[in-house]
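One structure is given below, encoded as structure tokens.
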Amino acid sequence: MSENQNVWKPTEEAKGQATQFRLFAALLWLGAIVAQVFAIRMLLKAVNSGESPVNAWVIGLIVLDLILVFAGSVFWKKSNRLDPPSEKNKFLFYMQSQLGVVMAFVAFLPLIIFILTNKKIDGKSKAILGSIAGVALVIAGIGGAEFNPASVEKYTEETNMVEALTGTNNVYYTKGGGKYHIYEDCYTIKNSERLNGTVAEAHAGVANHSDFDLCGICKNKKMKEDGMSEESLNEKLEQVKAGLNKEKSEETQTATEEEHKDAA
């Protein structure tokens with residue numbers, strides 16, 4: 001992406017909602033870590049008193065740990081769809097996009113290590129508890145993984161495409177759909193409850209975000225109606241980018257002129 005290209009930016013409302021979701025995620029993940037600590041304490045209490053470590057308290061705390069870390073990841077992924085990271089720094093982009101996976105390991109790996117390395121826990125109990133915690137880790141990891149991560153660059157590119165095709169940033173989608181559409185009467189959604197909004201709002205509004213992108217049927221239909229080839233579509237894309245850059249330049253120039261007036 002060119003340095004002088006105007007990039008997509010979230011609205012203040014979206015940023016505020018994203019901040020709330022991230023706070024909820026942090027609190028839920030903190031609760032998951034606390035649940036893990038209590039699970040380890042209950043294990044220690046059981047083995048030190050000669051009781052079976054496989055008990056309702058330990059299993060219940062592992063389940064609670066899973067629920068909390070999974071719920072935290074749901075909120076975190078929602079926040080990233082409202083206010084996505086930039087791909088410029090690959091490490092930070094990966095960490096922000098896949099933080100749910102990281103937190104799954106934080107919430108379960110210490111517990112699993114404790115179960116498998118504690119000499120006071122018998123082999124049968126290690127197998128049972130280790131399996132339960134291991135399965136919980138896998139579920140939490142899959143739930144926390146973002147298979148189609150949102151990014152500033154992705155939203156910019158997709159918004160430019162829709163504007164090049166239609167002249168406006170407005171699409172149609174369904175909450176359970178896997179595509180957004182430029183035709184409200186697209187046969188793939190005509191029998192469903194349809195919503196409309198910007199490309200970013202569509203990303204934030206769907207339940208299944210995996211492979212969520214522009215409907216190929218709508219794109220091909222629009223290109224056929226307007227007699228566009230791939231080459232002419234690419235030219236329109238460049239025009240959209242140039243138009244955005246022009247607006248940005250005019251805004252910058254206006255702001256500079258106002259600063260000069262204030263200084264005078």
Side-chain angles (χ1 to χ4, degrees), residues 1 7-11 13-15 17-18 21-22 24-25 69-87 93-94 96-101 103-104 138-226 228 230 233-234 236-237 240:
M1 183 176 290
V7 297
W8 175 90
K9 293 180 181 179
T11 64
E13 182 181 358
K15 289 175 71 174
Q17 193 173 6
F21 284 163
R22 285 175 179 139
F24 294 156
V69 75
F70 194 97
S73 295
V74 170
F75 277 110
W76 186 261
K77 289 193 286 187
K78 284 184 177 181
S79 74
N80 284 339
R81 293 169 196 171
L82 289 164
D83 183 16
S86 171
E87 297 179 28
F93 172 71
Y94 177 83
Q96 183 167 337
S97 300
Q98 307 300 338
L99 189 58
V101 178
M103 292 309 303
V138 172
I139 295 172
I142 293 173
E146 182 59 271
F147 299 102
N148 185 25
S151 70
V152 170
E153 291 77 9
K154 179 181 175 68
Y155 282 8
T156 300
E157 183 179 328
E158 293 184 350
T159 299
N160 287 346
M161 174 60 75
V162 170
E163 290 186 353
L165 286 166
T166 67
T168 183
N169 181 15
N170 185 70
V171 294
Y172 301 92
Y173 61 98
T174 63
K175 286 187 176 181
K179 303 289 179 182
Y180 55 86
H181 308 260
I182 55 179
Y183 289 98
E184 186 177 10
D185 62 350
C186 178
Y187 79 89
T188 61
I189 59 169
K190 66 180 182 180
N191 295 323
S192 304
E193 183 180 352
R194 297 177 296 277
L195 303 169
N196 76 292
T198 65
V199 171
E201 287 170 345
H203 275 282
V206 294
N208 178 22
H209 197 247
S210 180
D211 297 325
F212 186 71
D213 55 12
L214 176 63
C215 171
I217 297 170
C218 288
K219 178 183 176 183
N220 293 334
K221 179 181 177 181
K222 184 63 177 176
M223 290 177 67
K224 186 176 180 180
E225 284 183 353
D226 293 355
M228 279 191 288
E230 287 293 338
L233 176 58
N234 288 334
K236 277 200 168 187
L237 271 171
V240 168

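What you see below is based on every heavy atom in this structure, not just the backbone, and it leaves out hydrogens, waters and symmetry mates. These figures come from a predicted structure and were not determined experimentally.
Few gaps surround CZ on Phe93; more than 12 heavy atoms of other groups in view lie less than 6.0 Å from it. Applying the 6.0 Å contact sphere to CZ of Phe21 captures more than 12 heavy atoms from other residues, nucleotides or ligands. Counting non-hydrogen atoms of neighbouring residues, nucleotides and ligands closer than 6.0 angstrom, the CD atom of Glu13 reaches no more than 12 such neighbours. With a 6.0 Å radius and a threshold of 12 heavy atoms from other residues, nucleotides or ligands, Lys222 has its NZ atom above the threshold.
You'll find the side chain of Cys215 reaches within 4.5 Å of the side chain of Cys186, heavy atoms only. Between Asn148 and Phe212, the closest side-chain pair of non-hydrogen atoms falls below 4.5 Å. Considering only heavy atoms from C-beta on, Glu230 comes within 4.5 Å of Met223 through its side chain. Side chains of Glu158 and His203 form a contact here, defined as non-hydrogen atoms less than 4.5 Å apart. Within the 4.5 Å cutoff, no side-chain heavy atoms of Lys236 are placed close to those of Glu163. Within the 4.5 Å cutoff, side-chain heavy atoms of His181 are placed close to those of Lys179. Looking at Leu237 and Met161, their side chains come closer than 4.5 Å, going by heavy atoms from C-beta outward. Here the side chains of Asn160 and Trp8 are not in contact, with every heavy-atom distance at 4.5 Å or above.
Nearest heavy-atom pair, Ala204 versus Leu82, reported as atom, atom and distance to 0.1 Å: CB-CD2, 3.6 Å. Residues Gly197 and Tyr173 share a closest heavy-atom pair of N-CE2, 4.1 Å. Taking all atoms of both residues into account, the shortest heavy-atom contact from Ser97 to Ala150 is OG-O, 4.5 Å. Counting all heavy atoms, side chain and backbone alike, Val101 lies closest to Gly141 at CG2-O, 3.6 Å. Of all the heavy atoms in Leu165 and Leu214, the pair that sits closest is CD1-CD2, 3.8 Å. Shortest non-hydrogen contact noted between Pro149 and Lys154 is O-CD, 3.7 Å.
Listed by first then second residue, pairs satisfying salt bridge (Lys or Arg N to Asp or Glu O under 4.0 Å) with a partner in residues 194-205 read Glu184-Arg194, not counting sequence neighbours.
With values rounded to the nearest 0.5 angstrom, Ile217 atom CD1 is found 11.5 Å from Ile182 atom CD1. Cys218 SG to Asp185 CG: the interatomic distance, rounded to the nearest 0.5 Å, is 8.0 Å. With values rounded to the nearest 0.5 angstrom, Ser79 atom OG is found 9.0 Å from Leu99 atom CG. How far CZ of Phe70 is from CE of Met103: 15.0 Å, rounded to the nearest 0.5 Å.
Proximity of a side-chain donor or acceptor of Gln98 to a complementary backbone N or O of Glu146 within less than 3.5 Å is detected. Although no hydrogens or angles enter the test, the distance criterion places a donor-acceptor pair under 3.5 Å between the side chain of Asn169 and the main chain of Val199. The closest donor-acceptor contact from the side chain of Lys77 to the backbone of Gly143 lies under 3.5 Å. Of the possible polar contacts, none joining the Asn80 side chain to the Pro85 backbone as a donor-acceptor pair under 3.5 Å is found. With hydrogens and angles disregarded, no donor-acceptor distance shorter than 3.5 Å links the side chain of Thr198 to the backbone of Asn170. Put simply, the side chain of Trp76 gets close to the backbone of Gln96: a donor and an acceptor are under 3.5 Å apart. A donor-acceptor distance shorter than 3.5 angstrom exists from the side chain of Glu153 to the backbone of Glu87, with no hydrogens or angles considered.
The residues Arg22 and Asp83 are annotated as salt-bridged, a charged nitrogen and a carboxylate oxygen being separated by less than 4.0 angstrom.
Geometrically, Lys221 engages Tyr183 in a cation-pi contact defined by less than 6.0 Å to the ring centre and at most 45° from the axis.
Residues forming a salt bridge (Lys or Arg N to Asp or Glu O under 4.0 Å) with Lys219 (at least two apart in sequence, or on another chain): none. In this view, Asn220 satisfies the side chain to side chain contact (heavy atoms under 4.5 Å, CB included) rule with no residue, not counting sequence neighbours.
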